[in-house]
Enquirer: 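Just dropping this structure here.
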Amino acid sequence: MKILEGKKAIITGASRGIGKGIAVVFAGHGADVAFTYSSSEGPALELQKELEGYGVKAKAYKSDAASFEQAEALVNQVLEDFGGVDILVNNAGITKDNLLMRMSEADFDQVIEVNLKSIFNMTKAIQRTFLKQRSGSIVNMSSVVGVKGNAGQANYAASKAGMIGFTKSVALELGSRNIRCNAIAPGFIETEMTDKLDEKTVQGWRDAIPLKRGGTPEDVANACLFLASDLSAYVTGQVLHVDGGMLT
Ligand code: NAP
């Protein structure tokens with residue numbers, strides 16, 4: 001069964017990692033996919049081709065999610081190119097880790113702007129369309145770190161916790177118009193973002209997870225498929241933990 005047949009989705013930050021996993025699963029389930037990247041043009045165009053292989057419409061857009069103007073322009077362009085949008089996945093995110101003592105103001109501001117301000121930008125830009133059609137599903141990619149905090153990630157944790165507050169507020173504000181807004185809190189998902197980490201540390205994390213492994217982009221994508229689709233028609237304002245039991 002193709003769960004997203006006839007739906008159109010925008011996914012931010014899908015040139016690699018979790019976003020790419022979501023784009024592939026959505027296309028495999030029949031959705032037309034518009035997705036963004038920040039600088040990885042080659043991989044983005046390759047992904048566009050891969051998605052088209054599923055027989056859906058797919059297009060890559062270079063757009064900085066942290067920019068209010070670019071988010072607005074992106075949504076207008078996607079509406080013109082795709083003729084509508086049903087699903088918004090706010091996935092774009094960065095880390096600039098450091099102990100607070102060494103964290104610069106620029107590193108704090110940039111992480112907040114790319115991770116948190118971006119979801120304001122994108123939600124504002126899509127809001128009118130969702131209100132008019134009286135439906136829409138928004139999925140925001142938070143993190144286990146936004147729920148429990150993490151030493152060396154004060155900026156990232158603040159941005160991811162902020163996303164949860166934003167998600168619940170939007171769910172309360174727009175629920176009466178059949179617009180749903182949920183968050184996913186992935187635990188340790190093995191992507192390029194985590195490839196930079198020391199292997200010994202990473203193995204320690206795997207051992208501490210009840211399911212004894214890091215997650216895959218597909219693990220997160222399947223949870224996202226549920227929240228984006230009508231399968232979750234009565235679910236809003238929730239944070240779905242996809243962490244192998246890490247917080248249990
Ligand atoms: P990743 O491999 O580093 O990929 C990040 C994606 O975001 C890339 O496509 C990147 O585009 C894009 N991006 C970065 N800045 C952007 C901007 N300003 N505007 C638009 N796109 C931008 O990261 P990931 O591990 O897949 O993580 C995806 C999301 O899941 C993030 O929000 C992250 O915080 C969250 N998360 C990840 C984990 C994990 O363990 N990996 C755990 C919890 C939550 P370019 O390729 O062009 O740079």
Side-chain angles (χ1 to χ4, degrees), residues 10-25 33-48 60-75 78 88-97 107 109-122 125 139-150 153 155-164 166-167 183-197 201-202 205-206 209 213-221 223-224 227 239-244 246-247:
I10 298 182
I11 306 167
T12 65
S15 45
R16 52 197 161 90
I18 293 172
K20 180 178 176 184
I22 295 168
V24 170
V25 166
V33 177
F35 67 94
T36 70
Y37 63 95
S38 162
S39 59
S40 314
E41 183 164 342
L45 294 177
E46 263 170 49
L47 177 63
Q48 181 180 315
Y61 298 83
K62 181 174 164 63
S63 180
D64 179 3
S67 158
F68 188 81
E69 290 75 22
Q70 287 188 38
E72 179 104 345
L74 168 77
V75 168
V78 172
L88 167 64
V89 180
N90 287 308
N91 168 78
I94 57 166
T95 52
K96 296 259 174 211
D97 300 350
D107 284 355
D109 289 349
Q110 204 188 341
V111 167
I112 295 292
E113 287 195 0
V114 174
N115 296 3
L116 180 58
K117 170 111 186 305
S118 61
I119 72 169
F120 167 77
N121 297 340
M122 290 298 296
V139 183
N140 294 324
M141 204 54 67
S142 179
S143 168
V144 62
V145 169
V147 178
K148 70 179 274 291
N150 197 20
Q153 289 197 306
N155 51 359
Y156 183 77
S159 73
K160 295 294 174 181
M163 288 176 82
I164 293 174
F166 186 86
T167 298
I184 294 178
F188 171 48
I189 309 301
E190 304 205 27
T191 65
E192 280 168 43
M193 186 183 257
T194 57
D195 275 355
K196 304 176 216 155
L197 303 164
T201 314
V202 167
W205 291 352
R206 291 189 193 109
I209 294 167
R213 64 172 179 89
T216 64
E218 203 187 351
D219 290 325
V220 180
C224 195
L227 290 176
V239 181
L240 180 52
H241 292 248
V242 182
D243 63 4
M246 200 186 251
L247 277 195

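In what follows, every heavy atom counts, from backbone to side chain, and hydrogens, waters and symmetry copies are set aside. Both ligands and their constituent atoms are indexed starting at 1 by order of listing.
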Enquirer: Report the member of S142, S67, G93 with the shortest heavy-atom distance to atom 44 (C) of ligand 1.
Expert: S142
Enquirer: Check this for me - ligand 1, D64, N or O atoms closer than 3.5 angstrom, yes or no?
Expert: yes
Enquirer: Decide whether an N or O pair under 3.5 Å exists between V114 and ligand 1.
Expert: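 Among all N and O atoms of V114, none is under 3.5 Å from an N or O of ligand 1.
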Enquirer: Would you say S38 has any N or O atom under 3.5 Å from an N or O of ligand 1, going by distance alone?
Expert: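 Yes, at least one N or O pair falls under 3.5 Å.
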Enquirer: Among residues at least two apart in sequence or on other chains, which ones pass side chain to side chain donor-acceptor pair (under 3.5 Å) with D97?
Expert: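 If we apply the side chain to side chain donor-acceptor pair (under 3.5 Å) test to D97, skipping adjacent residues, the hits are Q153.
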Enquirer: For D109, check side chain to side chain donor-acceptor pair (under 3.5 Å) against everything at least two apart and list the hits.
Expert: none
Enquirer: Give the single entry among T36, I18, I11, V89 that approaches atom 26 (O) of ligand 1 most closely by any heavy atom.
Expert: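 Of the listed residues, I18 has the closest heavy atom.
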Enquirer: Which one of L47, D195, N91 has a non-hydrogen atom at the shortest distance from atom 32 (O) of ligand 1?
Expert: N91
Enquirer: Between K20 (side chain) and S15 (backbone), is there a donor-acceptor pair under 3.5 Å?
Expert: no
Enquirer: So does K148 pair up with D243, basic N to acidic O under 4.0 Å?
Expert: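 A salt bridge is absent here (no side-chain N lies under 4.0 Å from a carboxylate O).
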Enquirer: Would you say L197 and W205 make side-chain contact, with heavy atoms under 4.5 Å?
Expert: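 They are in side-chain contact.
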Enquirer: Is there a side-chain contact between Y156 and N150, using heavy atoms and a 4.5 Å cut-off?
Expert: no
Enquirer: Which atoms from ligand 1 have a heavy atom of G187 less than 4.0 Å away?
Expert: 40 (O), 42 (C), 43 (C)
Enquirer: Would you check the N or O atoms of Y37, main chain and side chain alike, for any that come under 3.5 Å of an N or O of ligand 1?
Expert: no
Enquirer: How far is atom 4 (O) of ligand 1 from its nearest protein heavy atom, and which residue and atom is that?
Expert: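 Closest protein heavy atom to atom 4 (O) of ligand 1: R16 NH1, 3.6 Å.
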Enquirer: Return yes or no for this condition: an N or O of N115 is under 3.5 Å from an N or O of ligand 1.
Expert: no
Enquirer: I'd like the name of whichever of A44, G13, P186, A71 reaches closest to atom 12 (C) of ligand 1 through any heavy atom.
Expert: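 Going through A44, G13, P186, A71 one by one, G13 has the nearest heavy atom to atom 12 (C) of ligand 1.
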Enquirer: Which residue from S15, G17, S63 reaches closest to atom 20 (C) of ligand 1 through any of its heavy atoms?
Expert: S63
